[in-house]
Amino acid sequence: MAASSVASPLCTWLVAACMSVDYEKDHYLFQSSRRLSRWARSKKSFLLQSITTGTTGGVTGERGLISSICESSFQGLMSSCLAFEPCEDFNGYYGFSLFGSKTGTGFRKQRRMTKTAAHVGKAMAVAVEPSKEVASKKKNLTEKRRVVVTGMGVITGVGHDPDVFYENLLEGVSGISEIEAFDCSLFPTRIAGEIKSFSTDGWVAPKFSRRMDKFMLYMLTAGKKALADAGISEEIMSEIDKTRCGVLIGSAMGGMKVFNDAIEALRISYRKMNPFCVPFATTNMGSAMLAMDLGWMGPNYSISTACATSNFCILNAANHIIRGEANMMLCGGSDAAIIPIGLGGFVACKALSQRNGDPTKASRPWDTNRDGFVMGEGAGVLLLEELEHAKRRGANIYAEFLGGSFTCDAYHMTEPHPDGAGVILCIEKALAQSGVAREDVNYINAHATSTQAGDMKEYEALIRCFGKNPELRVNSTKSMIGHLLGASGAVEAVATVQAIRTGWVHPNVNLDNPEEGVNMNVLVGPQKERLDVKVALSNSFGFGGHNSSILFAPYK
């Protein structure tokens, strides 16, 4: 007898009433009978009629029905309730059939009561025969889908190709210099990891190149370069299922230049404003434009969590693949905030280095003479792919994405938690989520921005989590390219994957006088070092207390 045959929630009420009957059953039944009679009359008796109608259409007496149910066993009671079927009078009470086209208040009430009764009936059916019902709903367990990196794209101050970029890092080449894009002579900070030469030729249509903010141009170019690096030709693109391909590339600052120009135009008249100022300033539009260009119809959005943006995007993109919602995801971050309002904003925060006389020495994580971070700009994009999908198309697999985690310090807008609780929790959750033992992590690309508080709090957290590992090596890519804000995590993820591929980790430059308590047996020195990476961890933290950690390993 199907659970869906229950016609009214009254049956459920009767079950509850009968189950509470004890030594005063007769008195209770009398009171229940009176209440039921009043309730039935107020509803014109049709609900009671539907309840008391058997499968043959006969009607029993009200009191007799209650007595028969309550005197039965619990299973018999449940079965009796489940045996009731809706009568024709109930379905046609308002003058239409169940599947009729008429609508009205009465029909909406009937639908709600029928739906509620069906839902309750199903729950009771599980209670009566749990093994049978649960077994029928149990899903077949499937093996976890593995995620691999098959393509990379970067736009940075030290290279616009993943191999050129990493070769410069290995050689200790700095991309930090005096700002040339605008006159910053009146600013206390006049240096940055500025991109001096950049072309969108062959990557972005000229009409967009003239109108888009640089953060979007960097994003589109890096995204398409990642596809080219992955060997996604036009032929392959025409064969893949684009409904299962997505884009998740974020930005911390968005289109600041476009927005700033709109404000300046507004000073004259709203008629002077760029009609694209709103869409080209929002952080999601880069992912959207890239998806439109590629025709990718899968998951598409952006995440903005300050300087942790890229890691949030990468982990969420991987989760879409793991859950079976996508086969391929372009993910990462992009930012281009080296403009007057961006520079001025961070100067006002007192966050930037003022070592203007020697720009290449300005970014110096863990060094006692560090005086703040150096702004950078650019983009980093990874192509994540489901393993079997990558193997079927013969992709070159660079590394495997193992997992990661996020936490929040819930402490201060710009300062890390004093005891590093949020960072430690994030790392431990990342290890647990990915199933990685801490002794297997032997390379960490640290967030280390060159700020007084941030560098040491992260270092202390890393030592607490991995200090017993004699093979551990830690470095900071920001020592050479500066802090790329929302793009930093993705660019550093590319550096991390390159370390796995090449077996070399890049140096920490400008670490001339390590902070007291820093163990140089853990930090990479001024020269590149050979390392057989087992598992690599990449950290990114952002204003607002956002913490993120992601893990990569060689594909085996």
With side-chain contact (heavy atoms from CB on, under 4.5 Å) as the test, would you mind laying out the steps for Val423 and Glu460 before giving the verdict?
CA-CA 10 Å; Val423 174; Glu460 290 165 2; over 6 Å; no
Please step through salt bridge (charged side-chain N to carboxylate O under 4.0 Å, His left out) for the pair Arg464 and Asp419, ending with a clear verdict.
CA-CA 11 Å; Arg464 179 169 173 177; Asp419 61 6; over 6 Å; no
If you apply the rule side-chain contact (heavy atoms from CB on, under 4.5 Å), what do you find for Lys468 with Phe466, and how did you get there?
CA-CA 6 Å; Lys468 295 182 179 180; Phe466 306 104; over 6 Å; no
With side-chain contact (heavy atoms from CB on, under 4.5 Å) as the criterion, how do Leu217 and Trp203 come out once you've worked through the C-alpha distance, each side chain's angles and the decisive distance to 0.1 Å?
CA-CA 9 Å; Leu217 297 177; Trp203 302 106; over 6 Å; no
Given side-chain contact (heavy atoms from CB on, under 4.5 Å), test Ile179 with Arg190 step by step and report yes or no.
CA-CA 6 Å; Ile179 295 173; Arg190 299 182 292 278; 5.6 Å; no
With side chain to side chain donor-acceptor pair (under 3.5 Å) as the test, would you mind laying out the steps for Ser304 and Thr283 before giving the verdict?
CA-CA 8 Å; Ser304 184; Thr283 60; 5.2 Å; no
May I have the step-by-step check of salt bridge (charged side-chain N to carboxylate O under 4.0 Å, His left out) for Lys534 and Glu471, ending in yes or no?
CA-CA 10 Å; Lys534 296 178 181 176; Glu471 296 181 0; 3.5 Å; yes
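In this structure, Met216 and Val204 have side chains that are not in contact, with every pair of non-hydrogen atoms separated by 4.5 Å or more. The closest side-chain heavy-atom distance from Tyr398 to Ile500 is not below 4.5 Å. Two residues are said to be in side-chain contact when any heavy atoms from C-beta on lie closer than 4.5 Å; Leu462 and Ile427 meet this criterion. A heavy-atom distance below 4.5 Å is not found between the side chains of Tyr218 and Asp335. In this structure, the side chains of Phe208 and Asp293 stay at 4.5 Å or more apart for every pair of heavy atoms. The closest side-chain heavy-atom distance from His546 to Phe541 is not below 4.5 Å. Annotation: side chain of Thr189 is not in contact with side chain of Phe346 (no heavy-atom distance under 4.5 Å). Looking only at side-chain heavy atoms (C-beta outward), Leu343 and Cys184 come within less than 4.5 Å of each other.
Here the shortest heavy-atom pairing between Ala536 and Thr496 reads CB-CG2, 3.4 Å. Considering all non-hydrogen atoms of both residues, Arg530 and Thr502 come closest at NH1-O, 3.2 Å. Between Pro359 and Ser177, the closest heavy-atom pair is CB-CA, 3.7 Å. Looking at every heavy atom in both residues, Leu551 comes nearest to Ser434 through CD1-OG, 3.1 Å. Nearest heavy atoms, Ser302 versus Gly250: CB-CA, 3.9 Å. Of all non-hydrogen atoms in Ala362 and Asp371, the two that sit nearest each other are O-OD1, 4.3 Å.
Of the residues listed (His320, Glu385, Arg145), the one engaging Asn327 in a side chain to side chain contact (heavy atoms under 4.5 Å, CB included) is Arg145, and it is the only one. Just one of Arg370, Lys478, Arg364 meets the salt bridge (charged side-chain N to carboxylate O under 4.0 Å, His left out) condition when paired with Asp455; it is Arg370. Under the salt bridge (charged side-chain N to carboxylate O under 4.0 Å, His left out) test applied with Lys196, the options Glu377, Glu180, Glu178 reduce to a single match, Glu180.
Using the six-membered ring where Trp is involved, Phe312 and Phe406 have ring planes that are parallel, under 30° apart on the 30 and 60° scheme.
Surrounding CG of Asp358 are more than 12 heavy atoms belonging to other residues, nucleotides or ligands, all under 6.0 Å away. Ile236 CD1: more than 12 foreign heavy atoms inside a 6.0 Å radius. At most 12 heavy atoms of other shown residues, nucleotides or ligands fall within 6.0 angstrom of atom CE in Met297. For CD of Glu439, the number of neighbouring non-hydrogen atoms (other residues, nucleotides, ligands) closer than 6.0 Å is greater than 12. Residue Phe187 qualifies as enclosed at atom CZ: its count of foreign heavy atoms under 6.0 Å is above 12.
For the 3.5 Å distance criterion, the side chains of Thr407 and Asn547 qualify, holding a donor opposite an acceptor. Side chain to side chain, Asn311 and Ser538 fail the donor-acceptor criterion of an N or O pair below 3.5 Å. Between the side chains of Asn475 and Tyr443, at least one donor N or O lies within less than 3.5 Å of an accepting N or O. Side-chain contact check for Asn442 and Asn469: no donor-acceptor pair (N or O, by modelled atom type) lies under 3.5 Å.
A salt bridge does not link Arg146 to Glu388: none of the charged side-chain nitrogens sits closer than 4.0 Å to a carboxylate oxygen.
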